[in-house]
Amino acid sequence: MSRPRLIKENSAPLSLPREQLIRIHDLMVKARVLEERLIQMYKQGHGYFWIGGPGEEAFNVPLGLLMKVGEGPAYDYLHAHYRQSATLLAMGEEPIGALRQMKNTATDPYSGGRNFAGHFSRRSKNIAPITSPIEVQYAIAPGSAMAQKRHGGDGITIVTGGDAGTAEGDFASCLVWSSRPANPLPILIIVTNNKWGISTTADGQHGETNISDRARAFNIPAKTINGNDPVESYQELQAAMDYVRKERKPFFIEARVSRLYGHSSASGANFVNEEQDCLRLFEARLEQEGILDRKQMDEARNRYTEELAAAARTVRDEPQPSGDSIWDHIYAEKK
Amino acid sequence: MANMAQAIRMALHYAEEHLGVTDIFGEDVGAPLGGVFTCTQGLKTAWNSPLDERGIIGAAMGLAMAGNRPVAEIQFCDYIYNTIDLLKLAGNTHWSTNGDWALPMVVRTPVGSGIRGSLYHSHSFDATMTHIPGWKVVMPSTPLDAYGLLISACQDPNPVMFLEPKALLRVKGDERIPGEPEDDRALSKMIDAPLGDRSQWKPQWPALEAFAIPIGKGKLVREGTQATVVSYGRTMPLCIKAASQLAEEGLSVEVIDMRSLWPYDWEMIKASVQKTGRVLFVNEDTEVTNFGEHLVRRTVEELFYSLLAPPRLVAGKFVPGIGLADALEMASVPQQNDITTALRTLCREQP
């Protein structure tokens, strides 16, 4: 079992193929622009609440890119939390879906206008419904991992949550159920650590040095990585997923990330200057190594800004669900 | 005839053989014990989980999401309260995803008094559970109903809460489970685990037949003309006895076993109340915000002009627990005499 690794310096060379770096950058920009558009929509009164993940793109994009996307136990299950729009975009979701959810239109592909922004759900891609109560996904995820272990193949379960939520018992449930000697599970347990729980700092709450140290008590191999570095994130996630796919055993990753716009609209959703911006850091390195120049990167941002502004105009004119639709889908019908 | 614990075991065996049940799990559910009430003895997919109720409900949800059909057990309903938000999520998943995800899962848990279980093994859960939309909730009072309802639960594409009246788990039925042998001792020899070392024991299952009681359908147990009594679970046999006793006094009471609490057979209750004009609802959950109060409210709103007397509720006392001493338990939940007296009074009440 490896010891949690110290966070690497950001100055290491970009050791991924050029095309891959460009793809990651493109998705990071797309995700950032999407979140900024969602915040703008909220502030303009085109939604009731915003919560999302600007600042986590460097980790969330590689996660989505590495997933085996499809429906059923042969593919990866994602039990996510509400800061993962970047993962969804990397899994092939269109950003207009998130705008529709923000505007709670009948066309919202995730909930039909019933759920908050960032509360994605998509059975055709094994994206389990995201919920507001934090950490419940950690109690649910071992179930899909159990089904996958029995099913065979290399599909795995991925569960993610925040550092503050690790205080919940469901986090302990996940460590216990994933590492039972009777049936260890193919599950990648992830905590994105932005060092905040709404307005409470981690310093006041966490006695452990690294959150990943908790996994070690269950003999689950664990690492703490720099989630603000997309290359490190990609490589560490790839190694962890390979391990889980092959060994059919759990692995734990703690990713240190930033929280660029605070907790949610409840805390104002304004840009926080003191946090490291993973996109800005990555762009400086791409420029430095001659992979993309400033003009190309600005063009990408402008393109997505225009696309999402147009999408927001489309969504604005789409119908809201009707009141009598509250009776739809209370029960599933026998097929 | 089989008792309810044997009937549940046989239904689960049928379900794992024919209905795709993949996991029957919970605390002490697997070998060697087979459940504290023996309901899961000898089942091939039964296994022991960590002592973690949230983990049990969560794992059932995850298994169901991945297309499996789990049957989870919470050892006593008194311990299911720390999973309430997960039960709420399981109930809202189909709705919140606009029909995208379904959770075909069953949760079984013993409820109610009757075994001198004291504070933490005697609570009821029907009122709380019927307050969580998206679930179906059933509660049998006979072994045959337990068999048929559990088979329906294991066929349902939605989460189903199967409440087991623990006082009735050892009571033999009057009706045979389709496929069960005629001789009770023969059945016991086939499917009851021996005391002591069970490591080599394997059950000999009878050739069980498909028998599903539809969820949402009540049972007209006894016809009557002067009053209706509606109940479920442990208090059901008491209501039947009360009706028999009152018949000797010349009073005619119609008896309805709800069997399903949600959805429930309002048509059956309505037709009966319109016929008799008097109705008593009986259950043993605490009386404040009781499911019977919902039934009283609906009766008043929809059947007011059919009524010859106010609808009544006999339920458990609104006290924080059920005490261990015999007199404390007896005073806390409805007993035979409470029901007989309430029905007698109701029958004689004149507008």
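So you know, we letter chains A, B, ... as the sequences are listed, proteins then strands, and number each from 1.
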Taking ring-ring contact (aromatic ring centres under 6.0 Å, His included) as the cut-off, I'd like each qualifying pair that reaches into residues 92-136 of chain A, sequence neighbours left out, listed once. A:F49-A:F116, A:Y82-A:H119, A:Y110-A:F120, A:F116-A:H119

How far apart are the closest heavy atoms of B:D145 and B:D257, and which atoms are they? OD2-OD2, 3.9 Å

Contact winner vs chain A - B:N48, B:I57, B:D85, B:I56, heavy-atom pairs under 4.5 Å: B:I56

To check you understand the geometry: which heavy-atom pair defines the closest contact between A:K125 and A:M91, and what is its length? CE-O, 3.3 Å

Proximity breakdown for B:N68 and chain A, heavy-atom pairs closer than 4.5 Å: side chain

How are the rings of B:W262 and B:Y264 set relative to one another: parallel (under 30°), tilted (30 to 60°) or perpendicular (over 60°)? perpendicular

Can A:E318 and A:K103 be counted as an ion pair, charged N to O under 4.0 angstrom? no

Could you check whether the rings of A:Y77 and B:W101 sit parallel, tilted or perpendicular, using 30° and 60° as the cut-offs? tilted

Can we call the ring centroids of B:F125 and B:F76 under 6.0 Å apart? no

Which bit of A:A128 is near chain B, if near means a heavy-atom gap under 4.5 Å: side chain, backbone, both or neither? both

Looking at A:R245 and A:D76, is any side-chain nitrogen of the basic one under 4.0 Å from a carboxylate oxygen of the acidic one? yes

Between B:I132 and B:K88 the two heavy atoms that sit nearest each other are CG2-CA, 3.8 Å

Please classify the contact of A:I130 with chain B as side chain, backbone, both or neither, using a heavy-atom distance under 4.5 Å. neither

If you count the non-hydrogen atoms of other residues, nucleotides and ligands that lie under 6.0 Å from NE2 in B:H131, is the total more than 12? no

Quick check on the interface: out of A:Q148, A:E71, A:R122, A:H79, who has the most heavy-atom pairs with chain B under 4.5 Å? A:R122

Please identify, among A:P142, A:S325, A:P109, A:P129, the residue contributing the most non-hydrogen atom pairs under 4.5 Å to chain B. A:P129

Any residues in residues 159-180 of chain A near chain B, with a heavy-atom distance under 4.5 Å, and which are they? A:D170, A:S173, A:V176, A:W177, A:R180

With a 4.5 angstrom heavy-atom cut-off, which part of B:W47 approaches chain A: side chain, backbone, both or neither? side chain

Out of B:T93, B:D156, B:N92, B:T22, which one racks up the most heavy-atom pairs below 4.5 Å with chain A? B:T22

Which of A:P321, A:A145, A:S144 touches chain B most, by non-hydrogen pairs under 4.5 Å: A:S144

Looking at B:G67, B:S96, B:A102, which has the largest count of heavy-atom pairs under 4.5 Å with chain A? B:S96

Minimum heavy-atom separation for A:V315 to A:T105, with atom names? O-CG2, 3.9 Å

